[in-house]
Amino acid sequence: SSPDSEGVTPELEKAGLLNKTKIAEGGRKLRKNWNPSWVVLVGNSLVFFKDPKSQNPDSWKPGNSRPESSVDLRGAQLQWANDLSSKKNVFKLRTITGNEFLLQSETDSLIREWYRTIQNVIDRLDKE
Ligand code: I3P
């Protein structure tokens, strides 16, 4: 049988490189600090990796590399936020705990695909 025959490894939905900045922590505003981040959508979580070495398809697997941080998408809110940045293609993700992130890509199709996929996960969790 496969190593995951019991289905304990959550499904990888999407992974890729986005620009990221955290703008609030528990509702408290933070100073922006944009950085490229390897973003992995797996199960109910969005996981961020800082290390460029982590940028491979196996990165998300438990134990393969250490995430910088992880966001629970249950109860999260997503909105386009081009008013919050001088950059184009920016959306804001707000967690139920009041952490806020901006995510951005220069590639229109890519950022739209991320928005759609994250919103689908949020919608799925809302219905549970
Ligand atoms: C910020 C930096 C950010 C910029 C932000 C600036 O300056 O230039 O890139 O956000 O604009 O304050 P600093 O490096 O001195 O902190 P955007 O790139 O998203 O526009 P803001 O203050 O209008 O958010």
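Indexing begins at 1, ligand by ligand and atom by atom, following the structure's order. Computed from a predicted structure; not experimentally measured. All values below come from the heavy atoms of this structure, side chains included, with hydrogens, waters and symmetry mates left out. Residues take their numbers from the sequence shown, with the count starting at 1.
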| query | Hey, is E25 close enough to R28 for a salt bridge, meaning N to O under 4.0 Å? | reply |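 Salt bridge between E25 and R28, a charged N being under 4.0 Å from a carboxylate O: no.
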| said: Check E13 with R124, please: is the shortest side-chain N to carboxylate O separation under 4.0 Å? | reply: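 Between E13 and R124 there is a salt bridge, with a charged N closer than 4.0 Å to a carboxylate O.
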| task | Could you please provide the protein residues found below 4.0 Å of ligand 1 on a heavy-atom basis, arranged by chain and number? | result |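 Residue list for ligand 1: R31, K32, W34, S85, S86, K87.
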| field | Check: V90 main-chain N/O paired with N82 side-chain donor or acceptor under 3.5 Å | value |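 Yes; judged by distance alone, with no hydrogens or angles, the pair exists.
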| S105 side chain to T107 backbone, donor-acceptor under 3.5 Å |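 Judged by distance alone, yes, a pair lies under 3.5 Å.
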Using distance only, find each side-chain donor-acceptor pair of residues 94-102 under 3.5 Å and give its atom names and separation, not counting sequence neighbours.
{"from": "R94", "atom 1": "NE", "to": "E100", "atom 2": "OE2", "distance (Å)": "3.4"}
{"from": "T95", "atom 1": "OG1", "to": "T97", "atom 2": "N", "distance (Å)": "3.3"}
{"from": "T95", "atom 1": "OG1", "to": "T97", "atom 2": "OG1", "distance (Å)": "2.8"}
{"from": "T95", "atom 1": "OG1", "to": "G98", "atom 2": "N", "distance (Å)": "3.4"}
{"from": "T95", "atom 1": "OG1", "to": "N99", "atom 2": "N", "distance (Å)": "3.0"}
{"from": "T95", "atom 1": "OG1", "to": "N99", "atom 2": "O", "distance (Å)": "3.4"}
{"from": "N99", "atom 1": "OD1", "to": "G26", "atom 2": "N", "distance (Å)": "2.8"}

| said: If I compare all heavy atoms of V121 with all of G43, which pair ends up nearest, and what's the gap? | reply: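 In this case the closest contact between V121 and G43 is CG1-O, 3.9 Å.
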